[in-house]
Amino acid sequence: EGLEAGEIVINDGVINIVSSDDGINAAGKTNDTATLSIYGGTIRVNASGDGLDANGSIYIYGGAIYVDGPTSDGDGALDYDNGLVISGGTLVAVGSSGMAQGISSNSTQYGILVNLSTSYKQGDVITITDSENNEVLSYTANKSFSSICYSSNTLKNGETYTIKINGVSVQVLTISSISTTVGTVNRGPG
């Protein structure tokens, strides 16, 4: 793991993690009470295991978080037991779709989880545009991926967004709830 403790609190700073297992792992406490709380900073995780993992809950209040998660379907860019509650900041998490999780419905900021029907490769550019073709996200993947989770205060209820890979539309969705999921999660082992 890149960072591991029963309780992890990140307030600010710049954190870059490349890990052979989980990137940030809140674990070790009993009764699923381990927590990861992010208040600010810029965090970039490139993980072979889970990207952000909590044997409990993840809370995001701010910051800019970019996760290039696993390519195996037995792990996920985001992995939590109790929930991922986001109320501020920006979260971009790409990885395999087998165990993909999005944000929790008790978040106060909108988020989308898009599971794609095919896998894309390192260097492919993900863009998200709104109904007036304004770009709300541009992100270049650091490894192959088939799932995209995005949450930001730019996302609005009732708005229609187009997800493009290298300029080609792969999914159009309309936000209808705090956590909107499209596509099928192909549950892998683990």
Side-chain angles (χ1 to χ4, degrees), residues 1-19 22-27 33-47 49-70 76-95 99-115 125-130 134-143 145 147-159 161 163 173 175-182:
E1 278 82 5
L3 296 175
E4 183 175 32
E7 181 178 4
I8 300 171
V9 179
I10 297 170
N11 290 306
D12 204 349
V14 177
I15 299 173
N16 295 297
I17 294 172
V18 178
S19 61
D22 299 342
I24 301 178
N25 188 18
T33 58
T35 58
L36 165 61
S37 302
I38 300 172
Y39 291 88
T42 300
I43 301 164
R44 296 182 183 276
V45 173
N46 186 324
D50 299 318
L52 303 183
D53 185 0
N55 295 346
S57 301
I58 300 172
Y59 300 98
I60 299 174
Y61 303 96
I65 303 147
Y66 305 96
V67 178
D68 285 278
L78 305 171
D79 183 17
Y80 53 83
D81 290 343
N82 296 341
L84 188 162
V85 179
I86 183 167
S87 56
T90 299
L91 171 65
V92 180
V94 301
M99 300 291 286
Q101 290 181 292
I103 70 168
S104 297
S105 60
N106 57 336
S107 297
T108 58
Q109 177 172 287
Y110 291 97
I112 59 175
L113 174 62
V114 180
N115 294 303
V125 178
I126 302 162
T127 55
I128 301 177
T129 55
D130 64 17
N134 298 307
E135 187 177 281
V136 298
L137 173 70
S138 178
Y139 184 73
T140 302
N142 290 300
K143 55 180 34 171
F145 65 96
S147 179
I148 304 163
C149 179
Y150 176 60
S151 179
S152 164
N153 63 10
T154 60
L155 296 178
K156 296 177 175 59
N157 191 35
E159 178 66 88
Y161 295 93
I163 291 86
L173 63 89
I175 291 184
S176 57
S177 62
I178 281 288
S179 180
T180 299
T181 300
V182 295

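When all heavy atoms of S177 and N157 are compared, the closest pair comes out as N-OD1, 4.0 Å. Scanning both residues, A54 and A34, for their nearest heavy atoms gives CB-O, 4.4 Å. Shown here for G6 and A26, the closest heavy-atom pair between the two residues is O-CB, 4.4 Å. A pairwise comparison of heavy atoms in T180 and I175 identifies OG1-CA, 3.7 Å as the closest pair. N82 approaches S57 most closely through the heavy-atom pair CB-OG, 3.2 Å. A pairwise comparison of heavy atoms in Y61 and S37 identifies CE1-CB, 4.4 Å as the closest pair.
Among residues two or more places apart in sequence or in another chain, the side-chain contact (heavy atoms from CB on, under 4.5 Å) test is passed with N11 by V9, Y39. Under the side chain to side chain donor-acceptor pair (under 3.5 Å) criterion, D130 pairs with N134, not counting sequence neighbours. With sequence neighbours excluded, the residues forming a ring-ring contact (aromatic ring centres under 6.0 Å, His included) with F145 are Y120, listed by chain and number. For D79, the side chain to side chain donor-acceptor pair (under 3.5 Å) criterion is met by no residue, not counting sequence neighbours. Among residues two or more places apart in sequence or in another chain, the side chain to side chain donor-acceptor pair (under 3.5 Å) test is passed with E135 by none. Annotation: side-chain contact (heavy atoms from CB on, under 4.5 Å) contacts of L3 (sequence neighbours excluded): I17, I24.
Annotation: side chain of C149 is in contact with side chain of L78 (closest heavy-atom distance under 4.5 Å).
With D53 contributing its side chain and D22 its backbone, the two residues share no donor-acceptor pair below 3.5 Å. Listed for the S179 side chain is a donor-acceptor partner under 3.5 Å among the backbone atoms of I103. Looking at D50, its side chain does come within 3.5 Å of a backbone N or O of G76 through a donor-acceptor pair. The backbone N or O of Y66 sits nowhere less than 3.5 Å from a side-chain atom of Y139 that would complete a donor-acceptor pair. For K143 (side chain) and P70 (main-chain N/O), no donor-acceptor pair under 3.5 Å exists by modelled atom type.
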Run the side-chain donor-acceptor check on residues 107-114: report pairs under 3.5 Å with partners two or more places apart or on a different chain.
residue, atom, partner, partner atom, Å
S107, OG, L84, O, 3.4
S107, OG, I86, N, 3.0
S107, OG, S104, O, 2.9
Q109, NE2, G89, O, 3.0
Q109, NE2, S151, OG, 3.1

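Interatomic distance, OG1 of T90 versus CG of N153, reported as 6.5 Å (0.5 Å rounding). Going from atom CG of L137 over to atom OH of Y150 covers 5.0 Å, rounded to the nearest 0.5 Å. I38 CD1 to L91 CG: the interatomic distance, rounded to the nearest 0.5 Å, is 8.0 Å. Here CD1 of I8 is found 9.5 Å from CG of L52. Values are rounded to the nearest 0.5 Å. With values rounded to the nearest 0.5 angstrom, M99 atom CE is found 12.0 Å from S147 atom OG. Taken to the nearest 0.5 Å, the CD1 atom of I65 stands 5.0 Å off from the CD1 atom of I43.
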| request: Show your working on side chain to side chain contact (heavy atoms under 4.5 Å, CB included) between Y161 and L155 and close with a plain yes or no. | output: CA-CA 9 Å; Y161 295 93; L155 296 178; 3.7 Å; yes
